[in-house]
Number of protein chains: 2
Amino acid sequence: MARKVSRRGGNIVTIHDVARHVGVSPMTVSRVINGEKNVREETRAKVLASVEALNYSPNLAARSLATQDSARIGLLYSNPSVAFLSEFLVGILSESSQSGAQLLIESCEGPEGATAALEKMKANGCDGVILSPPLSDSSRVAKVLRDMDLPFVGVAMARPDPQVCCVTIDDFKAAFSMTKRLIELGHQRIGFIKGHPNAYASQTRFEGFEAAMQKAGITVDPALVAQGYFTYRSGFDAAERMLNCKDRPTAIFASNDDMAAGAVATVHRMGLDVPDHVTIVGFDDTAMASSVWPELTTVRQPIADMAALSVRLMNDQIRAKRLGKPFEPVREIRDFALIERQSSAPVGTA
Amino acid sequence: MARKVSRRGGNIVTIHDVARHVGVSPMTVSRVINGEKNVREETRAKVLASVEALNYSPNLAARSLATQDSARIGLLYSNPSVAFLSEFLVGILSESSQSGAQLLIESCEGPEGATAALEKMKANGCDGVILSPPLSDSSRVAKVLRDMDLPFVGVAMARPDPQVCCVTIDDFKAAFSMTKRLIELGHQRIGFIKGHPNAYASQTRFEGFEAAMQKAGITVDPALVAQGYFTYRSGFDAAERMLNCKDRPTAIFASNDDMAAGAVATVHRMGLDVPDHVTIVGFDDTAMASSVWPELTTVRQPIADMAALSVRLMNDQIRAKRLGKPFEPVREIRDFALIERQSSAPVGTA
DNA sequence: GTCTGATATGTTAGCGCTAACAAAGCGGTC
DNA sequence: GACCGCTTTGTTAGCGCTAACATATCAGAC
């Protein structure tokens, strides 16, 4: 008898409490909790009932200590589209709270600043890194990570790199679908505002646009293709130029929401209406899309889902590395969605 | 000899490795790591050198298991201004990765949906909850939490409630300062767009505006005070009404950035310029503020800092509760900052 | 009946860390 | 020198969980 002192906090329910309550060993409870097979169905049911009754929830700290796979995952972002970032983080958090991963977050100024941030992470005992765009697309960052021998997963990469483990949507197909939808609405003169020339996504999205136009037998008028830079201002300017054409477009497809919002502002400034005179659509479904008026029709990436998936891939990769097993890079492609709001309408409504 | 099997993952550096390297006991290393006093300066230095040399970083899982204060902190948000949310999460993450807290994130649809979310959190073994606005201001949510006996911390609450532990800025003072700044720029006819009538922040900000006007001896023209709802559209409409006044305002102070952006759009639509004809300023410094053109002059809350602080307060509170000690609610007030961008200028520039 | 090979459960020890206690070291006081 | 109180270091055990091994149970085959 007489353990000297109990360090037990107080009323915390442990696996032992459940075990005692059911009349089995803690190990059996553990097996049930972790969904292992080789537990009699009857026993499993009793344990689950007790878990419910006692309101037991496992101590993740103890678990990761015992299993030795407490992954410390670094999150690196730069230049964030804030809207993207919040959804990204929500996805990461909800997944990692289940897997019990620790998170380390760092920001950096573009790919150049990444090295310092990554070194800091490594020094803090990071086991792997998840990259948000645009870093996920940077071959420079990828090289640094490989040199450091740190596993990584890219989220929303536009450039297909078979070497790299990532979660994305199909930008080409998404742009294709949006364009197709505009054509279905009767639009023929469709303007396109490209994204930043450095971003792979820009090119891919433009190709999707072209392909859809070509498939519909519509020639793309070079006067209706403008270079943008993903900024509100660049969308504003690009739209102005297009709308001053003799034969102005009835629809404008901007490669992201900020530029689409800028385009909306231009249309309004010229005394025209969206969507009555001009349909405007964006890409990304950031906060911008539903903040402006009229709200933007746009393409949505399931960012939170993608982020959550990236955590799972990261865990798999870290585990594989610990066990010295090889890890096959995976490219997971998620479905996008066309979100139709008030900024688009059939041609010639006004 | 012959421990049966080592379950050690592999190359992980532990406190024992450091201890052996220095030639002291693990406990001494632990003391150094945790910055306890009663360690000889010489010993401390040697330990720190070894920590550095071996690139040791403590296993948070083991620590929280041993200390029994592995806090599981719930984050509840609703209706998020995405820009707010991302900064909030960044702050929370960077702090909690240091304290080793586990995070659980849930969203809900306004205060009504909060109960379900909170019950889910409690069932998942949550020890306390951090509330982001507008939930932090909801007395309903506060009541639910008190009934559940869950500690909580509110971030960016506008309503001072001495019962509640929170981190905020002084909305009154912030609105006062911004108004004062506008007056310094020579503006006299200043319009004010209020926020949603349900939000306490709306009232507080308006009071700050009034006080500054009064102090400068300027009468507030009721025609230049409009009810808004924190949405782009409401700012758009409110500004339109004001600008159609016979004697139109030279500046408009909107209670948040979305409404300010809406006001900018109205100004442009009327063929006027920002800031040459009308100065427009916002509040919050969300992504919106630097996405639109011209970029908005606004008031910034140090959201990430505030969020990080809320985690510390939460940890303190949880620890106090575990030890059965009383916890005095704290109200921490952080400094705001006036961010001057291109949407404001001295009066009469054009 | 006994042996085989499965499945189901229990036992032991240890993951890395620190709370609590124990002991050693050190200076000063009477 | 014996005693006190203080600082510094060490020892032990245990936080809650699970890997690995050990054992029990059972069905079926010969």
Side-chain angles (χ1 to χ4, degrees), chain A residues 2-20 22-47 51 54 56-72 100 102 125 319 322-323, chain B residues 2-20 22-47 51 54 56-72 100 102 125 319 322-323:
Chain A
R3 42 164 67 172
K4 269 198 241 169
V5 191
S6 165
R7 282 159 70 195
R8 284 284 305 287
N11 40 9
I12 303 148
V13 184
T14 77
I15 206 171
H16 290 90
D17 299 322
V18 177
R20 209 172 314 122
V22 185
V24 294
S25 78
M27 200 54 224
T28 301
V29 178
S30 169
R31 279 190 262 258
V32 172
I33 304 285
N34 292 296
E36 282 177 36
K37 47 183 201 257
N38 294 352
V39 178
R40 208 153 32 109
E41 206 42 62
E42 189 193 330
T43 315
R44 180 185 305 276
K46 277 196 291 185
V47 169
V51 165
L54 299 181
Y56 165 75
S57 88
N59 181 323
L60 294 186
R63 175 180 291 168
S64 47
L65 186 57
T67 55
Q68 286 288 294
D69 63 20
S70 87
R72 204 173 297 193
Q102 291 169 28
R319 205 165 302 134
R322 281 233 177 89
L323 300 173
Chain B
R3 43 164 66 172
K4 269 194 240 175
V5 190
S6 165
R7 284 159 68 194
R8 283 286 303 287
N11 41 8
I12 303 147
V13 183
T14 78
I15 206 170
H16 291 89
D17 299 321
V18 177
R20 208 173 314 122
V22 184
V24 295
S25 78
M27 199 55 223
T28 301
V29 178
S30 170
R31 280 190 261 257
V32 172
I33 304 284
N34 292 295
E36 282 178 35
K37 48 181 201 255
N38 294 352
V39 178
R40 210 149 35 105
E41 206 41 61
E42 189 194 331
T43 315
R44 181 186 305 277
K46 277 197 291 185
V47 169
V51 164
L54 299 180
Y56 165 76
S57 87
N59 181 323
L60 295 186
R63 174 181 291 170
S64 48
L65 186 57
T67 55
Q68 285 289 292
D69 62 19
S70 88
R72 203 173 298 191
Q102 292 169 28
R319 204 165 303 134
R322 281 232 178 89
L323 300 173

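Labels below follow one simple rule: chain letters A, B, ... track the order of the sequence lines, proteins then strands, and each chain is numbered from 1.
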In residues 32-42 of chain B, what donor-acceptor pairs under 3.5 Å come from side-chain atoms, sequence neighbours left out?
from, atom 1, to, atom 2, distance (Å)
B:Asn34, ND2, B:Ser30, O, 2.8
B:Asn34, ND2, B:Ser30, OG, 3.4
B:Arg40, NH1, B:Glu42, OE1, 3.1

**Presence of A:Ser30 side-chain N/O under 4.0 Å of D:dT18 phosphate oxygens OP1/OP2** = yes

**Request:** Provide the closest heavy-atom pair for B:His16 versus B:Pro26 in the form atom of the first, atom of the second, distance.
**Result:** CD2-CG, 3.5 Å

**Item:** Closest heavy-atom pair and its distance - B:Ser57, A:Arg72
**Value:** OG-NH1, 3.4 Å

**Request:** Starting from P on C:dC15, measure out to CZ on B:Arg63 and report it in whole angstrom.
**Result:** 18 Å

Every protein N/O within reach of nucleotides 7-10 of chain D N/O, cut-off under 3.5 Å:
from, atom 1, to, atom 2, distance (Å)
D:dT8, OP2, B:Asn38, OD1, 3.2
D:dT9, OP1, B:Arg40, NE, 3.4
D:dT9, OP1, B:Arg40, NH2, 3.3
D:dT9, OP1, B:Thr43, OG1, 2.7
D:dT9, OP2, B:Arg40, N, 3.1
D:dG10, OP2, B:Ser25, N, 2.8
D:dG10, OP2, B:Ser25, OG, 3.1
D:dG10, OP2, B:Thr28, OG1, 2.8
D:dG10, N7, B:Arg31, NH2, 2.8
D:dG10, O6, B:Arg31, NH2, 3.4

**Item:** Whole-Å distance separating the CD atom of A:Gln102 from the C1' atom of C:dC15
**Value:** 14 Å

**Complete:** d(B:Thr67 OG1, B:Leu60 CG) to nearest 0.5 Å is 10.0 Å

**Prompt:** Whole-Å distance between D:dC15 P and B:Arg72 CZ?
**Reply:** 18 Å

**Heavy-atom pair of closest approach, residues A:Tyr56 and A:Thr14** = CE1-C, 3.5 Å

**Message:** Rounding to an integer number of Å, can you tell me how far A:Leu60 CG sits from D:dC17 C1'?
**Reply:** 11 Å

**Message:** From CG of A:Leu65 over to C1' of C:dC15, roughly how many Å is that when rounded to an integer?
**Reply:** 4 Å

**Message:** Contact between A:Val29 and A:Val24 at the side-chain level, heavy atoms closer than 4.5 Å - yes or no?
**Reply:** yes

**Request:** Compute the bend angle of the helix from C:dG1-D:dC30 to C:dC30-D:dG1 from the end axes (five pairs per end), rounded to 10°.
**Result:** 60°

**Message:** Measure CD1/B:Ile33 against C1'/C:dT18 and give the value in whole Å, please.
**Reply:** 12 Å

Can you tabulate the close N/O pairs, meaning under 3.5 Å, that link protein atoms to atoms of nucleotides 24-26 of chain C?
none

**Request:** Name all residues meeting the side chain to side chain donor-acceptor pair (under 3.5 Å) criterion together with A:Ser64; count only those two or more places apart in sequence or in a different chain, and write none if there are none.
**Result:** none

**Message:** Quick check on C:dC15: is either OP1 or OP2 less than 4.0 Å from any side-chain nitrogen or oxygen of B:Asn59?
**Reply:** no

**Request:** Please round to the nearest 0.5 Å and tell me the distance separating atom CZ of B:Arg20 and atom OG of B:Ser25.
**Result:** 12.5 Å

**Complete:** In this structure, CZ of A:Arg44 is separated from OG1 of A:Thr28 (nearest 0.5 Å) by 11.0 Å

**Prompt:** Expressed in angstrom and rounded to an integer, what is the separation of A:Gln68 atom CD from C:dG14 atom C1'?
**Reply:** 10 Å

**Request:** Sequence neighbours left out, what passes salt bridge (charged side-chain N to carboxylate O under 4.0 Å, His left out) with B:Arg319? Give chain and number order.
**Result:** B:Asp69

**Message:** If I compare all heavy atoms of A:Gln102 with all of B:Ala61, which pair ends up nearest, and what's the gap?
**Reply:** NE2-N, 3.9 Å

**Asked** Could you give the CG-to-C1' distance, from A:Asp17 to D:dC17, as a whole number of Å?
**Response** 13 Å

